[in-house]
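We're numbering straight along the sequence, starting at 1. What you see below is based on every heavy atom in this structure, not just the backbone, and it leaves out hydrogens, waters and symmetry mates. All values reported here derive from a predicted model rather than from experimental measurement.
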Amino acid sequence: MEEKLANRSRAELETALLDSGRTLQTALAAQLQSFDDHFQHLLNESERALQDAFPSAFGELYAQSAKAFRDLYAELRLYYRGADLHLEETLAEFWARLLERLFRQLRPQLLLPDDYLDCLGKQADALRPFGEAPRELRMRATRAFVAARAFVQGLGVAGDVVRKVAQVPLGPECTRAVMKLAYCAHCLGVPGARPCPDYCRNVLKGCLANQADLDAEWRNLLDSMVLITDKFWGPSGAESVIGNVHLWLAEAINALQDNKDILTAKVIQGCGNPKVNPQGSGPEEKWHQGKLVLQEKSPTGTLEKLVTEAKVQLRDAQDFWISLPSMLCSEKVAMSSASDDRCWNGMAKGRYLPEVMGDGLANQINNPEVEVDITKPDMTVRQQIMQLKVMTNRLRGAYSGNDVDFQDASDDSSGSGSGDSCPDDLCDRRVSKKSPGSRTTLTHALPGLSEREGQKTSAASCPQPRASLLLLLLPLVLSAPRPTWR
């Protein structure tokens, strides 16, 4: 009977945990989708504006280099979506390819072999053929794209952590404690007694001790995400840059056309006189169709609205892991409204006297309801703590404009799961109230697998009712609707 009740109570609590995690996952996924759609829309609008304006303004000068522009936008999309690209190098390669193509078009009467173009490329930094546009785009785009990408990735990592941690199975000690919380009152003939509030909290604080250890790094991640939204505004902000990449491209071509004569003279001075192309076309002036002057698009207010909503949700989610026990007791467990003489205290109908434990694994060493081994952290939770740390470091780097390589922290978090494997000397601080380290509950075989374990389970959990009473109550308990989980 206890084995069946233990399995039922474990399934009920795991379902409640999944439901709670799913609610937060859904909110984070919706935020991610909204921001991703907006950033993609900004970049698409910039490319569309380029395709609309450049052909008429630059004619063949653009048409023969259109692929270079398409490739640039494709690489910007890949970078934003997390591809292993170095943005500054990507931009530098684009400008080098574009210079080779446009210089050939602007000087069709010259023979420009590959070695001559290599010489041109080596002098590009000193010659500055595109004026200030490449430097301006590099400085602003790196900050804008790094911030946008890191923020969206942060939302994805947060949702992934919630999903994985919500699937962490409950240990046998927790299973026995939850069974005692939910069903032992029925076996003792007091089915109307609801669990005392503090009793329920102690049970769930013990069951979810590892999850509570996510709190410190979870807060760091959400704080960093809120902070980096400051980088969405201003001249180098995502709103101003991602949707206006084409402005710097137009400025660059304008500068190249204006400076083509000076540029040619400097190139000849540095690389020598190229041979004349007998098959070259007529005067290069035909390529010049006039300057292209574009206006920066004004913000629509969409991003501002998204950021405002995201800040509220992220701040509301900061207490998620340490508030789970109280939230589940209040919303899922039909506990008593007050701790008085009429509630179920785990032994009988009466007041619950033990104090409520603190949050996290270290504080469960004296938990009166759940036996927790504080020296063995749960490896899944520990790995997710490391993922949170890595993503937080990435966000902090992005806030400073640095593109910190995103790495999988799972290798750093591998280990035996023993107390000796705790990182950063966290195991030496097991008495702290909130430890950012991760821990593991003690794991054993499920209760009721042998006669001996069944006897041990009974002694450790419920007060012993008479066997005849158990037999009478068994059909009623198993067939009744869930008495404590809503």
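- Contact check on Arg104 versus Glu100 returns no salt bridge, with no Lys/Arg side-chain nitrogen under 4.0 Å from an Asp/Glu carboxylate oxygen.
- Contact annotation: the side chain of Arg77 never approaches that of Leu72 to less than 4.5 Å [non-hydrogen atoms, C-beta and beyond].
- Put simply, the side chain of Asn259 never gets that close to the backbone of Ile262: no donor and acceptor are under 3.5 Å apart.
- A salt bridge links Lys67 and Asp71; the closest N-O separation between the charged side-chain nitrogens and carboxylate oxygens is under 4.0 Å.
- At a threshold of 4.0 Å, the pair Arg382-Asp213 does not count as salt-bridged, since none of the basic side-chain nitrogens sits closer than that to a carboxylate oxygen.
- The CG atom of Leu314 lies 12.0 Å from the CG atom of Leu227; values are rounded to the nearest 0.5 Å.
- For the pair Val165 and Leu17, the minimum side-chain heavy-atom distance is 4.5 Å or more.
- Taking 4.5 Å as the limit, every side-chain heavy atom of Leu43 sits out of range of all side-chain heavy atoms of Tyr80.
- Under the 4.0 Å criterion applied to side-chain N and carboxylate O atoms, Lys122 and Asp118 are not assigned as salt-bridge partners.
- Val390 is not listed as a side-chain neighbour of Arg394, based on a closest heavy-atom distance of 4.5 Å or more.
- Checked against the 6.0 Å centroid criterion, the rings of Phe39 and Phe232 qualify as a close aromatic pair.
- Aromatic ring orientation, Trp218 versus Phe320: tilted (interplanar angle from 30° to 60°).
- Counting heavy atoms from C-beta on, the side chains of Arg315 and Val226 come closer than 4.5 Å.
- In this structure, a donor-acceptor pair under 3.5 Å is present between the side chains of His246 and Ser46.
- For the pair Leu98 and Ser65, the minimum side-chain heavy-atom distance is below 4.5 Å.
- Between Phe54 and Tyr62, the ring planes lie perpendicular to each other; the angle is over 60°, past the 30° to 60° tilted range.
- For the pair Leu106/Leu256, a side-chain contact is recorded, criterion being any heavy-atom separation below 4.5 Å from C-beta on.
- Annotation: Glu304, atom CD; neighbour count of heavy atoms from other residues, nucleotides and ligands within 6.0 Å does not exceed 12.
- A donor-acceptor pair is defined here as one N or O able to donate and one able to accept, closer than 3.5 Å; no such pair exists between the side chain of Trp95 and the backbone of Thr90.
- With hydrogens and angles ignored, the 3.5 Å screen pairs a side-chain donor or acceptor of Ser34 with a backbone N or O of Ala30.
- Formation of a donor-acceptor pair under 3.5 Å by the Gln364 side chain with backbone atoms of Gly360 is found in this model.
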